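These notes are about the structure you will find just below.
Values below: all heavy atoms of this structure, side chains included; hydrogens, waters and symmetry mates excluded. Numbering starts at 1 and runs along the sequence shown. These figures come from a predicted structure and were not determined experimentally.
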Amino acid sequence: VEMGPAKKSKVVSDEERKLTAYHEAGHAIVARSLPKHMDIHEITIIPRGRAGGYTMYLPEDDKLFETKQAMFNHIVTCMGGRVAEKLKLDDISIGASGDIQQATNIAREMVTKYGFSEKLGNVNYGGDGEVFLGADFTAHKTYSEETAKEIDEEIRRLVKEGYELAEKILKEHDDILENLASALLLVETIDGEEFEKIYTGELTAEALKEKVDAEREIKKEKDKEEAAETARVIKEKEEAMIEAAKQALMPKENQQVYDGEFKEGAPAPKRASELKKDVTEEDLKEDAQSLSAPLSDESEDEDDTNNQ
């Protein structure tokens, strides 16, 4: 919901798909290689919203608070996409802008809010006061320019260390990076179980493609069968509704005999005198006329023959 619906109809060039595949593979491998990592839930290179793809993590449980190591791991994971681009492509893209912003925000909170910087100590430099200026809020500074410089240096240090660690991890897992990026280019979306098998070397990109193709073919046949069954049920319901409408329009006495058509072995429609308990003289006349009609036709045919 947060990312928006998948834009499967969007035309994406081969170059962009390759860049996105390495970028998302970088995030996933770095996250998986860190201690106390979060499980990977899904990786895709199908565009959503403004993103070319995404790597979704699955936390083990709800945490009431984050640790210093966990927050630093988030910075390292954010840097995984940019590092993968630099290692595997001729250039880097603006696709990592959101990752850089997120890593910077985490580092700033570590330094100014949570006292995770040994250099600056256990002091909150965030400042709670805000002043409205025009269309923006500006926070009051509660520290000197010299301290502001030290804060910037600490933020830069944390992000740099995160980048360097991500680079070290991806260089050590180069074969996995290649295999995972190739798999993403072939099938576009990989779930957590498939990723784990690729990471551990149990599954190659080609084997995953065969597996996914087989599953899609089975699903296609199943969908076809379900569609046929749905059509059959709808047809039966329509026929039942039509039959019910016919029964409703017929005289009540004839409904017990007629069921859409005369069924084999069913009695013929009863005469009026048989359908009513209180038979009138008019009913008997009607019955007599219906019984004598065929005889009259035969008599007329015989007269015509004699005249000839």
Side-chain angles (χ1 to χ4, degrees), residues 1-60 73-74 76-89 92-93 95-96 98-99 102 166-167 169-223:
V1 176
E2 188 174 303
M3 297 292 294
K7 298 180 179 179
K8 295 185 178 181
S9 61
K10 183 178 180 180
V11 178
V12 182
S13 67
D14 291 340
E15 184 178 352
E16 288 178 325
R17 291 181 77 251
K18 184 178 180 181
L19 185 149
T20 305
Y22 277 115
H23 184 101
E24 299 305 333
H27 282 310
I29 292 170
V30 169
R32 172 63 177 79
S33 303
L34 290 168
K36 297 182 180 179
H37 64 85
M38 290 188 295
D39 292 333
I40 304 299
H41 176 65
E42 185 178 78
I43 316 166
T44 184
I45 60 172
I46 298 175
R48 284 179 180 269
R50 297 176 61 184
Y54 66 81
T55 300
M56 187 180 297
Y57 309 98
L58 189 65
E60 294 181 0
N73 286 350
H74 286 318
V76 181
T77 301
C78 288
M79 294 292 101
R82 167 55 64 86
V83 172
E85 290 181 20
K86 185 177 180 181
L87 291 176
K88 294 298 179 180
L89 305 172
I92 54 179
S93 73
D99 300 327
Q102 186 177 359
E167 186 175 35
I169 291 171
L170 290 180
K171 284 181 176 179
E172 291 174 351
H173 296 78
D174 182 72
D175 55 337
I176 301 175
L177 178 60
E178 287 291 348
N179 194 26
L180 180 56
S182 298
L184 284 168
L185 290 171
L186 288 173
V187 302
E188 294 188 326
T189 300
I190 296 174
D191 63 29
E193 184 179 345
E194 292 164 346
F195 165 75
E196 188 63 24
K197 289 182 178 179
I198 291 174
Y199 184 86
T200 56
E202 298 177 39
L203 191 64
T204 64
E206 293 74 17
L208 176 61
K209 178 68 163 60
E210 293 178 4
K211 172 180 174 288
V212 171
D213 287 346
E215 289 175 350
R216 286 174 179 171
E217 192 62 32
I218 293 172
K219 185 178 183 302
K220 184 178 178 181
E221 289 299 320
K222 186 177 179 181
D223 290 345

Hey, are Lys219 and Glu215 close enough for a salt bridge, meaning a charged N less than 4.0 Å from a carboxylate O? no

Calculate, to the nearest 0.5 Å, the distance between atoms NE2 and OG1 belonging to His41 and Thr55 respectively. 12.0 Å

Would you call the rings of His27 and His23 parallel, tilted or perpendicular if under 30° counts as parallel and over 60° as perpendicular? perpendicular

State plainly whether the residues Lys18 and Asp14 are in salt-bridge range, i.e. N to O under 4.0 Å. no

Inter-residue atom distance Lys86.NZ - Ser93.OG, 0.5 Å rounding: 14.0 Å

Is there a side-chain contact between Glu196 and Arg32, using heavy atoms and a 4.5 Å cut-off? yes

Does a salt bridge link Lys88 with Glu178, judged by any charged N lying under 4.0 Å from a carboxylate O? yes

Is the number of heavy atoms from other residues, nucleotides or ligands under 6.0 Å of Gln102 CD greater than 12? no

Ile198 CD1 to Asp175 CG distance, which is reported to the nearest 0.5 Å: 12.0 Å

Carefully, step by step, assess Phe195 and Lys197 under the rule side-chain contact (heavy atoms from CB on, under 4.5 Å). CA-CA 5 Å; Phe195 165 75; Lys197 289 182 178 179; over 6 Å; no

Looking only at heavy atoms, which two atoms of Leu186 and Ala205 are closest? And how far apart? CD1-O, 3.7 Å

Given Ile29, which of Leu170, Leu34, Asp174 fulfils the side-chain contact (heavy atoms from CB on, under 4.5 Å) condition? Leu170

Is it true that Arg216 and Asp223 make a salt bridge, defined as a side-chain N closer than 4.0 Å to a carboxylate O? no

Checking Ile92 against Arg82 for the side-chain contact (heavy atoms from CB on, under 4.5 Å) test, could you report, in this order, the C-alpha distance in whole Å, the side-chain angles of both residues, the deciding distance, and whether it holds? CA-CA 7 Å; Ile92 54 179; Arg82 167 55 64 86; 3.5 Å; yes

Heavy-atom closest pair, residues Ala181 and Ala25: N-CB, 4.2 Å

Do Thr44 and Glu188 pair up side chain to side chain, a donor and an acceptor below 3.5 Å, judged on atom types alone? no

Inter-residue atom distance Thr204.OG1 - Lys211.NZ, 0.5 Å rounding: 12.0 Å

Is it the case that the side chain of Arg17 and the backbone of Leu185 share a donor-acceptor pair, with hydrogens and angles ignored and the cut-off at 3.5 Å? yes

Might you work through the side-chain hydrogen bond (donor to acceptor under 3.5 Å, both in side chains) test for Thr189 and Glu42, ending with a clear yes or no? CA-CA 7 Å; Thr189 300; Glu42 185 178 78; 5.7 Å; no

Looking only at non-hydrogen atoms, find the nearest pair between Leu87 and Lys171 and report the distance. CD2-CE, 3.8 Å

Can a donor-acceptor pair be found, under 3.5 Å and without considering hydrogens, that links the side chain of Glu194 to the backbone of Asp191? yes

For Leu208 and Val187, run side-chain contact (heavy atoms from CB on, under 4.5 Å): C-alpha distance rounded to whole Å, both residues' side-chain angles, the deciding distance at 0.1 Å, then the answer. CA-CA 8 Å; Leu208 176 61; Val187 302; 3.9 Å; yes

How about Leu19 and Glu85: do any of their side-chain heavy atoms sit closer than 4.5 Å? yes

Interatomic distance, CD@Glu24 vs CD1@Ile40, rounded to 0.5 Å, equals 10.5 Å

Within a 6.0 Å radius of atom CD on Glu202, are there more than 12 heavy atoms belonging to other residues, nucleotides or ligands? yes

One should read off an interatomic distance between Ile176 CD1 and Asn179 CG, to the nearest 0.5 angstrom, of 8.5 Å

Locate the shortest heavy-atom distance separating Ala166 from Val83; write the atom from each residue and the value. CB-CG2, 4.0 Å

Kindly determine whether Ile190 and Leu180 satisfy side-chain contact (heavy atoms from CB on, under 4.5 Å), including the steps that lead there. CA-CA 9 Å; Ile190 296 174; Leu180 180 56; 3.8 Å; yes

Could you go step by step and tell me if Thr77 and Tyr57 meet the side-chain hydrogen bond (donor to acceptor under 3.5 Å, both in side chains) rule? CA-CA 11 Å; Thr77 301; Tyr57 309 98; 5.2 Å; no

